[in-house]
Protein chains: 4
Amino acid sequence: MHQAQAQTIHQSNNPMDKLSDKNQLPTQDQYTDAGKEGRIQFLQNKTQQNLVHLSGQQAKITANVVKGNIENFIGFAQIPIGIAGPLKVNGQFAEGEFYIPLATTEGALVASYNRGCKAASMAGGISTFCIDEGVQRSPIFKFNNLHELQTFEKWLKQQTHIFHAITQERSNHAKFKQMMSFIEGSNLNVVLEFYTGDAAGQNMVTFCSYDICQYVLNNAPVKPTQWYIESNFSGDKKANYKSFQHVRGKKVVCEVELSKEIVQNVLKADAYKIEDYWKTSTVSQVQLGSIGAQGHIANGLTALFIACGQDVACISEASIGVSRLESTHKGGLYASLTLPNLIVGTVGGGTALPTQKECLQIMDCAGAGKAKKFAEIACAIALAGELSIAAAISCDHFVSAHEKLGRK
Amino acid sequence: MHQAQAQTIHQSNNPMDKLSDKNQLPTQDQYTDAGKEGRIQFLQNKTQQNLVHLSGQQAKITANVVKGNIENFIGFAQIPIGIAGPLKVNGQFAEGEFYIPLATTEGALVASYNRGCKAASMAGGISTFCIDEGVQRSPIFKFNNLHELQTFEKWLKQQTHIFHAITQERSNHAKFKQMMSFIEGSNLNVVLEFYTGDAAGQNMVTFCSYDICQYVLNNAPVKPTQWYIESNFSGDKKANYKSFQHVRGKKVVCEVELSKEIVQNVLKADAYKIEDYWKTSTVSQVQLGSIGAQGHIANGLTALFIACGQDVACISEASIGVSRLESTHKGGLYASLTLPNLIVGTVGGGTALPTQKECLQIMDCAGAGKAKKFAEIACAIALAGELSIAAAISCDHFVSAHEKLGRK
Amino acid sequence: MHQAQAQTIHQSNNPMDKLSDKNQLPTQDQYTDAGKEGRIQFLQNKTQQNLVHLSGQQAKITANVVKGNIENFIGFAQIPIGIAGPLKVNGQFAEGEFYIPLATTEGALVASYNRGCKAASMAGGISTFCIDEGVQRSPIFKFNNLHELQTFEKWLKQQTHIFHAITQERSNHAKFKQMMSFIEGSNLNVVLEFYTGDAAGQNMVTFCSYDICQYVLNNAPVKPTQWYIESNFSGDKKANYKSFQHVRGKKVVCEVELSKEIVQNVLKADAYKIEDYWKTSTVSQVQLGSIGAQGHIANGLTALFIACGQDVACISEASIGVSRLESTHKGGLYASLTLPNLIVGTVGGGTALPTQKECLQIMDCAGAGKAKKFAEIACAIALAGELSIAAAISCDHFVSAHEKLGRK
Amino acid sequence: MHQAQAQTIHQSNNPMDKLSDKNQLPTQDQYTDAGKEGRIQFLQNKTQQNLVHLSGQQAKITANVVKGNIENFIGFAQIPIGIAGPLKVNGQFAEGEFYIPLATTEGALVASYNRGCKAASMAGGISTFCIDEGVQRSPIFKFNNLHELQTFEKWLKQQTHIFHAITQERSNHAKFKQMMSFIEGSNLNVVLEFYTGDAAGQNMVTFCSYDICQYVLNNAPVKPTQWYIESNFSGDKKANYKSFQHVRGKKVVCEVELSKEIVQNVLKADAYKIEDYWKTSTVSQVQLGSIGAQGHIANGLTALFIACGQDVACISEASIGVSRLESTHKGGLYASLTLPNLIVGTVGGGTALPTQKECLQIMDCAGAGKAKKFAEIACAIALAGELSIAAAISCDHFVSAHEKLGRK
């Protein structure tokens, strides 16, 4: 689901609009090449980056660039990208106004997120922090009986310093973080958790875990009767409740407080109604049996992931979160979003491919040292979308926006 | 997670390989333009379709085509597409050998799914059925008390014939299927369920629901104190348990039985180990708190959704399923996959965009009358991926495949 | 968890207390035989029932009464019973003021529920309705392949009139309600749902399902390769999400609206704080991964089940619900509770045992024709407990109550 | 659900029965006072305990004993107790043959568990270990914004040595174990975890947490805008997924391996069918949306909890577990059960009440130093029940047992 206010994609003349005009994306000519070119030029000026692949100046991409990303290559899926923003973010790593590239084919999605960006930015921006990080593999070791398992587990817990060393040996980027173990009958689920630097890191985690397991198999005082490198206890590609208790990828939280005026004038809504809607929606999701409770974070995160060369299948796990929308004493709105399972990277995966890299560059998120910054922006844009959809549904302009902007 | 056997992306010389050579995709020159061209030519011959956008012959796409799909358009994300298959499918709607376009940036994914396709096709193909279908909006109506709610609900249940008429009036494609209602205190969650023809249909469902709600608000004997078009009880963009009890999008099931020889020679595995791994993995997922239990269906479905103009954010809900892998008496493998929540369409959304349409055409799935066919293929390719990953992890070649094909 | 306000177990002298004094349970001498006798006498007068076993006048119970309830019998567990109430209930079946027997060994529990009863009764009582009912067995039928399953399922769906007849033949009390079927690969989960009259009914449902399955096995055009009378898809003795989508046992909803004065004077609390606590608690439970969201309904329901001869192990599934606590415009409190899975009966099980029967008689719930009445009372007392604990925790007298009344 | 083999409540004459006759409970005269007396005498001899309250010799219990356990006391619920066993347990704390008192009103339950005890004991007994322990309160602290929260949290993490001291000051039994904190927007869920000695310990945990919170409120550099002693993130009285990631109460695991002969002769079953049933049931529970996957552990645990003065409402959370039943190479059966959330105690609560104490004494589990022993026995008896029900359902004598022993 997604939604929008058609008018928000044109610039506001409202005197209360404190956002500097010079940062506003040109929004005329939505569906012409000239309009597209104008936006590309604007972004190139703002970011001092050459967006030659996005602009289509250099549309031709040779096959050799996809090595390591695909097999049986036949060409490129071309997914339209729109820009939401600028979004002001006050993070630990992301600080400033950002233009967010969103690749989607669902009309009204970008407009909706854009409206949320405007409201949040006018309110001073979204505060955000990357609380925790870690990526796991969960090998499992099976034994004849509990007694053997216990002997093994006791030994295993003494080896973590060696796991650090093995990780260092294998990878330039991964760092061993911790091991946890979970007994189920005579099976031992082991969780090996790593810091993965600026990569999403599933591959490096796999390789390091494999080497650790080889060491374990060679040295343990009791040999398992069977073992597997991944028991599916890690949560890889699976929405799960474990994320809330630990972390997978990055755990990020963000918040913003909107004044009554911004809620009214930008979101065309009422904070009390938004809170009522949020409460109602949360209780409905409790009965639905969803994991977490939120509006439509999958929309924004997926569009961002596609644009930026992320492992899009991780949306299955990353689209779990808790959003909270509450009225303040002054009739304003407090909004927060907590994402425990944001698998993202700014190196590796698809991040170096031509259009993907340019999209990251628009946010100054390409390459090493940028993963937490990108995670903070991802959380912030998702919250912007929560603002917009809750406003639209609670104040009954969800449907008209789709009628205006959606595919007929 | 995803995996592969490097050798399977080259053609087999094995005499047991009963698959006709003429249908084998040329797999040489994985990362050259010539290799790419060869595969495009092959597909054009096989499908009698002009794949001019995929091939890059007509790379330039003008902005006007994205109207209804995006706002603040700046260009296209280019996501590499690889082909898995041919995959033999014996469905009610999908019958024959299919080449499956998968758009991803995760190396080894296509190779892994391709290996699963080969095993399944050699075994005679994957049987699949679209069991049920329906897309929902869940408006909620709030009342002063239970008494008012009950008066309202009693009246509401008598209006379904009118809801049929309203739906017919509003949409050429949607058909009203049924209404369900769920009381929570003085709030009434209403589920309006529709057939959406060959579209994913979330927009048409929204519009029809809105008109129904307007009728309800105007005519109900008791007016709600508040209402919302969507309480988030529908499951839209949220992995949830409700799907298993009802349906969302298409509910599809598929199965295949592999001989011992195919398990050994194509999957390089052992059916008993695969079953043991499946049992172990299922029990681990029970403890993880995931919804459903499967290997990595998000990988294949996401790649297919990106390539084919689907609403990719729906991966959040569609990547829920149950796979089952059990050894047979003869040392072979029975494998099945059940997907209760497959939101797909062959018209609307991004399906008419240039590369997306060509990808659908490769499978003869573009346009009206093809949605169930596409759903059956989607389920089948996901099962192919389950075969491959279970083989790789249970028989310890998961890691080496990633080392060979993954991004260094 | 449970809680209380010590003062509420003594009678109020508050002028606003509109509850008629004559219905107030004597609460002096909490821990003496005289106090106990006084309360028994009071209840005997009120209910015109002889409570000889509860009073201990006839403590000796001969072994023959336990036939059908136990094997290897050695004596009786003696669990103390306290009375909460009177609780005014405005139900479809339960109408009037009720004294609720609660068997527990956890100090402060009865006092806490009693306080909730007082607040609810002063507010005019708890409105409650039994929305739906049905008890299930879920046999599973396994097939060689999907094709056989589909032939079987098609036939099966045509047999429901025969299932009605088989049920009528087998049981004097059960009525066949409906059949649902759920495909998972080549396995068919079948849900047979019955009305069970005034019994919890698991046994009658088992017997009827067995006869239905025998008919199916003898007559189906395709024989399953394996079948089981219960696949554990029914939810028997398992907290589960399915309950919210269907019903198990009785589905009951109740509500009450308290004035600002009652919240202040009886609950010693503030409605805004209670609402804030409820919101906070709900969001925490979303992250916890509990099913439903509520305070401590297991406490009251378990104590009621033990006292009244219910299948106490069903607390595992019955203690799932959604409570909602919201402030009203006038500073009062709206509270509701929805229980989808209340397995209760007033005949069969332990309901005819001596003390159990007397406890049911105190509420005029013993025997035929009383199950829905009892279900409504059960839901109402659980809501009374929700009021009390939310007040105690939100206004910080939770701990002091336990210090006063709990075991040192 | 529960089940039985009628014949197993009579003594076996089978020569393969290696269990010493002298330990067999007399099972004649199931429903007579004489039969009851015989069993009481037998248990008194075996245990050298005076079971005067269970036997009914001293049926009269004076009201003063219930102080701290109940308010508005009116008498005792009398719940019939049957004995299962002897059950051989090879635990770290429980070592030997145990007679297990089960209080229930559901016919066939004790017989079913008894059958499981016999099979397990003949196989050499159930191995069991208490892996972990800890009871939590989860206070929540709310802040104006993330910045304040972070300042608070940073300070909080430095105070744990003081929390140790506060705990020591407040309680003779509780020991502070650890603190965990979980950010959700501007709210901080704090988990305070304690060792509770031999008590279930919820009250002591509440009191210690309260004192810790008072210290925190008085000393923190940033004051929360609101706080609550329990956010319902602890899992108290709520089935939840968190248990599998941490522990609540005791985390216990147990296992047994049965020979083919025992499966056939005692369980009247076939190990391959039992495994097939277990796999089928597990997959069905995945679709049901239950937490964990098991047969009917709520039955045995509830009956044990009622008999032994436990907080029976904790069944809502304790009846979560994972059982595993797999055939061995020799046609035997491996069975295990893992319980992450077993809230039990041998002091406090109802454990000192007359019949409750005698029930604990039968197992030498009354009083200090016995909680882990009791937890191990609880897990073992639950596994015995899993054996019996899986045998009954997989080999189709579930229904006949209920027809024979259940209430007509």
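What's counted below: heavy atoms across the whole structure, side chains too, no hydrogens, waters or symmetry copies. Residue numbering restarts at 1 for every chain, and letters A, B, ... go by the order of the sequence lines.
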Novice: Using the salt bridge (charged side-chain N to carboxylate O under 4.0 Å, His left out) criterion, which residues pair with D:Lys142? Sequence neighbours excluded.
Specialist: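 Expected list: C:Asp276.
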Novice: At a 4.5 Å cut-off on heavy atoms, which part of C:Val286 comes close to chain D: side chain, backbone, both, or neither?
Specialist: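 No part of C:Val286 comes within 4.5 Å of chain D.
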Novice: Side chain from CB out, backbone as N, CA, C, O: work out which of these in C:Ile297 comes under 4.5 Å of a heavy atom of chain D, or both, or neither.
Specialist: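 Contact with chain D involves no heavy atom of C:Ile297 at all.
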Novice: Let me know if C:Ser284 has heavy atoms under 4.5 Å from chain D in its side chain, its backbone, both or neither.
Specialist: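 Looking at C:Ser284, backbone and side chain both touch chain D.
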Novice: Checking C:Ser281 against chain D: side chain, backbone, both or neither under 4.5 Å from a heavy atom?
Specialist: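 Both the backbone and the side chain of C:Ser281 come within 4.5 Å of chain D.
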Novice: Side chain, backbone, both or neither: which part of C:Asp33 has a heavy atom under 4.5 Å from chain D?
Specialist: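 It is both, since atoms from each part get that close.
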Novice: What distance do D:Asn232 atom CG and C:Gln285 atom CD have between them, rounded to the nearest 0.5 Å?
Specialist: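 Those atoms lie 4.5 Å apart.
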Novice: Relative to chain D, which segment of C:Ser319 carries a heavy atom at a distance below 4.5 Å: side chain, backbone, both, or neither?
Specialist: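 The side chain, not the backbone.
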Novice: Starting at CG of C:Leu288, measure out to OG of D:Ser138 and round the result to the nearest 0.5 Å.
Specialist: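 Taking CG in C:Leu288 and OG in D:Ser138, the distance rounds to 8.0 Å.
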Novice: To the nearest 0.5 Å, tell me how far D:Ser316 OG sits from C:Glu317 CD.
Specialist: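 So the gap between those two atoms works out to 12.5 Å.
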Novice: Could you state the interatomic distance from CD1 (D:Ile229) to NE2 (C:His397), rounded to the nearest 0.5 Å?
Specialist: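 Rounded to the nearest 0.5 Å, the CD1-NE2 separation comes to 13.5 Å.
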Novice: Tell me, do D:Leu353 and C:Thr105 make a side-chain contact under 4.5 Å, heavy atoms counted?
Specialist: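 Of all side-chain heavy-atom pairs linking C:Thr105 with D:Leu353, at least one is under 4.5 Å.
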Novice: Do D:Glu106 and C:Asn69 get their side chains close enough for a donor-acceptor pair, meaning under 3.5 Å?
Specialist: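 Distance-only check fails for D:Glu106 and C:Asn69.
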Novice: Under a 4.5 Å cutoff for heavy-atom pairs, which residue among D:Cys359, D:Pro354, D:Ala298, D:Ala34 has the most contacts with chain C?
Specialist: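 Most heavy-atom pairs under 4.5 Å with chain C: D:Ala298.
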Novice: Need one label for C:Ile291: side chain, backbone, both or neither, based on atoms under 4.5 Å from any heavy atom in chain D.
Specialist: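 Interface part for C:Ile291: both.
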Novice: Taking the side chain as everything from C-beta on, heavy atoms only, tell me whether C:Ile74 gets closer than 4.5 Å to D:Ile362.
Specialist: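 Yes. Closest side-chain heavy atoms under 4.5 Å.
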